[in-house]
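Hydrogens, waters and symmetry mates play no part in the numbers below; they use all other heavy atoms, side chains included. Here is how names work: the chains are called A, B, and so on, in the same order as the sequence lines, proteins then strands, and each is numbered from 1.
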Amino acid sequence: MDLTSLPGFRDFYPEQMALRDHVFTVWREVAGRYGFVEYDGPPLEPLDLYVRKSGEEIVGQLYRFTDQGGREVALRPEMTPSFARMVGARAGGMPKPIRWYSIPQLFRYERPQKGRLREHFQLNLDIVGEAGELSDAEIIAAAIDMLRAFGLSSEEFVARISDRELIGGLLAAHGVAPEAMGAAFAALDKLDRESPEWVCGRLEEAGVSERSARELLGIPELDLPALLGRVGDDPATLEAGERLRRVFDHLESFGLGAFVRFDPSLVRGLAYYTGTVFELWDRRGEFRAICGGGRYDRLLAAVGGPDLPALGFGMGDVVLSELLKARGLVPEQPAAIQDFVICVTDEQRPAALGVVHALRDRGRRVAYDFAGRSVGRQFKAANQVGAERTIVLGPDELSRGEAVVREMSTGEEKSVPLGSILSD
RNA sequence: GUGGGCGUAGCUCAGUCGGUUAGAGCGCCAGGUUGUGGCCCUGGAGGUCGCGGGUUCGAUUCCCGUCGCUCACCCCA
């Protein structure tokens, strides 16, 4: 029998489970601060749920199979379609905006690499039913506060923010036809990794003149006002720019100005974003994006959900955990054992078990030796499990109704009545 | 799917210019007696040297293949 786990899948040993639990706890705590409530859906869904949204080509990237009932099913690669279905079933009767979040385990059949496995947990946090840009600022603020709650500062990460409609308008003003928009976005997205010549070439293929392409290469250097000066006079584009400016204003009002930056080269690969897009990045550039999201006003309807504006983000546990480890932000776990109860001889066993159980009833984390070993070995065992104190029951103390309590860190020892152990 | 790097004990790694029983540190287990841990000492368990084939008198070592891990590319929900 092969005892290794599947490639890209993780075993969570206790120390890793502690980190995972910490991540989930902080996520839930911050989501709660923003008034989001948690939901979940099935990890296994009909294959068609994803094909309908992303097309047939996605099938090769899914964990999928035919079940015994002949149904084509897939382990969920993302939460949005399930979310759309669940929101759709209830949206009509719910006050808007809807604020829901989830921490699904997601699966994809791809070659694993740094920060990207075949399985991960991803916080999904979305607002449905609100089109105003205050909600854009709200969702970005929530993402930023997630990382702040882990102890990361504006020195360590930044939210890169842009707007797809604004950049789309800019590209259109430079001669990109609607049908070439996707290719042009893809080219711009490569600016930080590919040579200017390469990007220029791709833009020209998308219908951009060489002169315009050269001009577009300067995009990442532009601030928002400068960029607005180059988008022409299309009213929708100008409005998108104004909208984005107000998003930044709101974030500034939240006091989060140090965490955000306009980044026109950010377009995200996702075709379905309709407005604000953003990503959270480690400033040192050691990791891939920690978090990404934006506004997707037409997606819910497109996947069969309600026709409501929506926006949200996803934040995976893999990159985040690597970052926390690299920055020394993984909290120390409390000792698994608080009290270790020691019997000097087997005669004290019944009394010891009574003490053990009474302490556990009081919520203490308690252990004791199973094997009847020497007192020295029992202390050694207590030390190994990190016990905060040991409670020694010997014939002498027990005859007086007492026990010796030893603080393991200091070695300080005192004889106390059994009753006081169980009441303080 | 493409390419690079790496596979020796639970962990981190030595080592063998091809040669007999493959080592260390840490960790683990048991002792160092009869009521006190951390340090120390002694002993022990634990490895098909990733797997398969080839060359060879002999392969953990050389060659080929394969699997796995890992990094990058592609892609990215």
Side-chain angles (χ1 to χ4, degrees), chain A residues 2-11 13 15 45 49-55 57-63 74-84 104 106-120 122 124 126 185-186 189-190 193-194 267-273 279 286-289 291-294 296 299 303 312-316 318-319 337 340-348 369 371 373-398 403-415:
Chain A
D2 188 350
L3 289 176
T4 60
S5 60
L6 287 168
F9 284 77
R10 296 169 290 176
D11 288 329
Y13 289 88
E15 63 272 21
E45 290 274 18
L49 192 64
Y50 307 111
V51 174
R52 190 166 49 189
K53 178 188 167 206
S54 308
E57 62 274 15
I58 199 174
V59 172
Q61 298 171 58
L62 298 181
Y63 268 95
L75 288 170
R76 59 187 175 195
E78 58 167 324
M79 200 57 181
T80 303
S82 310
F83 174 64
L106 304 178
F107 306 86
R108 56 191 153 212
Y109 195 83
E110 290 183 333
R111 179 162 301 200
Q113 53 186 299
K114 184 176 169 63
R116 195 169 175 83
L117 306 174
R118 285 182 168 179
E119 149 276 313
H120 70 144
Q122 186 187 67
N124 278 247
D126 297 271
F185 272 128
D189 197 32
K190 295 285 191 295
R193 275 180 298 173
E194 298 285 351
V267 289
R268 300 218 77 209
L270 315 182
Y272 59 69
Y273 284 117
E279 288 182 343
E286 293 171 24
F287 303 91
R288 63 180 70 227
C291 163
Y296 52 94
L299 180 65
V303 298
F313 68 80
M315 182 183 293
V318 179
V319 173
I337 299 298
F340 197 97
V341 178
I342 290 175
C343 294
V344 174
T345 74
D346 288 340
E347 303 298 312
Q348 291 82 50
D369 181 50
R373 293 185 292 182
S374 73
V375 173
R377 290 292 145 187
Q378 292 184 67
F379 267 100
K380 202 178 181 71
N383 189 54
Q384 279 179 311
V385 297
E388 293 165 8
R389 61 177 191 175
T390 49
I391 296 166
V392 183
L393 297 174
D396 303 342
E397 297 85 7
L398 213 49
V404 172
V405 175
R406 180 183 180 92
E407 292 297 329
M408 293 299 276
S409 57
T410 62
E412 185 189 341
E413 233 172 52
K414 58 187 174 187
S415 194

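Comparing the P positions of B:U61 and B:G53 gives an interatomic distance of 13 Å, to the nearest angstrom. Rounded to whole Å, the separation between the C1' atoms of B:C39 and B:G47 comes to 30 Å. If you take atom P in B:A24 and the same atom in B:G43, they sit 11 Å apart, rounded to whole Å. Between B:U20 and B:G1, the distance separating the two C1' atoms is 48 Å to the nearest Å. Atom C1' of B:G25 sits at a distance of 15 Å from the matching atom of B:U8, rounded to the whole Å. One C1' atom belongs to B:U33, the other to B:C49, and the distance between them is 42 Å to the nearest Å. Nucleotides B:G18 and B:A59 are separated by 7 Å at their C1' atoms, to the nearest Å. Look at the P atom in both B:C74 and B:C17: the space between them is 44 Å, to the nearest Å.
A donor N or O paired with an acceptor N or O is found under 3.5 Å between the base of B:U2 and the side-chain atoms of A:Arg111. For A:Arg108 and B:C76, a side-chain-to-base donor-acceptor distance below 3.5 Å is absent, hydrogens and geometry of angles not being considered.
Here the side chain of A:Glu397 pairs no donor or acceptor atom with the backbone of A:Ser415 at under 3.5 angstrom.
The nearest whole Å value for the distance from the CE atom in A:Met79 to the C1' atom in B:C76 is 19 Å. The separation between A:Gln113 atom CD and B:U2 atom C1' is 13 Å, rounded to whole Å. Whole-Å rounding puts the A:Lys114 NZ to B:C69 C1' distance at 15 Å. Regarding A:Arg10, its CZ atom lies at a distance of 14 Å from the P atom of B:C69, rounded to whole Å. What separates CZ of A:Arg116 from C1' of B:U70 is a distance of 17 Å, to the nearest Å.
Looking only at side-chain heavy atoms (C-beta outward), A:Glu45 and A:Ser82 come within less than 4.5 Å of each other. Between A:Tyr50 and A:Glu78 the shortest side-chain heavy-atom distance falls below 4.5 Å. Looking only at side-chain heavy atoms (C-beta outward), A:Pro77 and A:Gln61 stay at 4.5 Å or farther from each other. When side chains are defined from C-beta on, A:Ser374 does not count as touching A:Phe379, because their heavy atoms never get closer than 4.5 Å. The closest side-chain heavy-atom distance from A:Tyr109 to A:Arg118 is below 4.5 Å. Here the side chains of A:Phe83 and A:Asn124 are not in contact, with every heavy-atom distance at 4.5 Å or above. Between A:His120 and A:Arg10 there is a side-chain heavy-atom pair separated by less than 4.5 Å.
A search for salt bridge (Lys or Arg N to Asp or Glu O under 4.0 Å) contacts involving A:Arg116 returns A:Glu110, not counting sequence neighbours. Residues satisfying the salt bridge (Lys or Arg N to Asp or Glu O under 4.0 Å) test with A:Arg288, not counting sequence neighbours, are none. Annotation: side chain to side chain donor-acceptor pair (under 3.5 Å) contacts of A:Arg373 (sequence neighbours excluded): A:Asp369.
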Pairs: protein N or O with nucleotides 10-13 of chain B N or O, under 3.5 Å:
none

Find every protein N or O atom lying less than 3.5 Å from an N or O atom of nucleotides 33-38 of chain B, and list the pairs.
residue	atom	partner	partner atom	Å
B:G35	O6	A:Asp396	N	3.4
B:G35	O6	A:Asp396	OD2	2.8
B:G35	N1	A:Glu397	OE1	2.9
B:G35	N1	A:Glu397	OE2	2.8
B:G35	N2	A:Glu397	OE2	3.1
B:U36	O2	A:Arg406	NH1	3.2
B:U36	O2	A:Glu413	OE2	3.0
B:U36	N3	A:Glu413	OE2	2.7
B:G37	O2'	A:Asn383	ND2	3.4
B:G37	N7	A:Arg406	NH2	2.8
B:G37	O6	A:Arg406	NE	3.4
B:G37	O6	A:Arg406	NH2	2.9
B:G37	O6	A:Met408	O	3.4
B:G37	N1	A:Met408	O	2.3
B:G37	N2	A:Asn383	OD1	3.0
B:G37	N2	A:Met408	O	3.0
B:G37	N3	A:Asn383	OD1	3.3
B:G38	OP1	A:Lys380	NZ	3.3
B:G38	O4'	A:Asn383	ND2	3.0

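Within the 4.0 angstrom heavy-atom criterion, no nucleotide atom of any strand lies near A:Gln122. Residue-level contact check: A:Leu117 touches neither bases nor backbone, having no heavy atom under 4.0 Å from any strand. Across all strands, A:Pro7 comes closer than 4.0 Å only to sugar-phosphate atoms, never to a base (heavy-atom distances).
Residue A:Arg373 has its side chain nearest to B:A30 when only B:A30, B:A72, B:C75 are considered.
Annotation: of the two residues near RNA chain B, A:Leu6 and A:Tyr50, the 5′-most nearest-nucleotide partner is A:Leu6.
For the side-chain contact (heavy atoms from CB on, under 4.5 Å) with A:Thr390, the lone residue among A:Glu413, A:Gln378, A:Arg406 that qualifies is A:Arg406.
The ring of A:Tyr273 has its center no closer than 6.0 angstrom to the ring center of A:Phe185.
In RNA chain B, runs of at least 3 stacked Watson-Crick or G-U pairs (N1-N3 plus N6-O4 or O6-N4, or N1-O2 plus O6-N3, all under 3.5 Å) give these stems: B:1-7 with B:67-73, B:10-13 with B:23-26, B:28-32 with B:40-44, B:50-54 with B:62-66.
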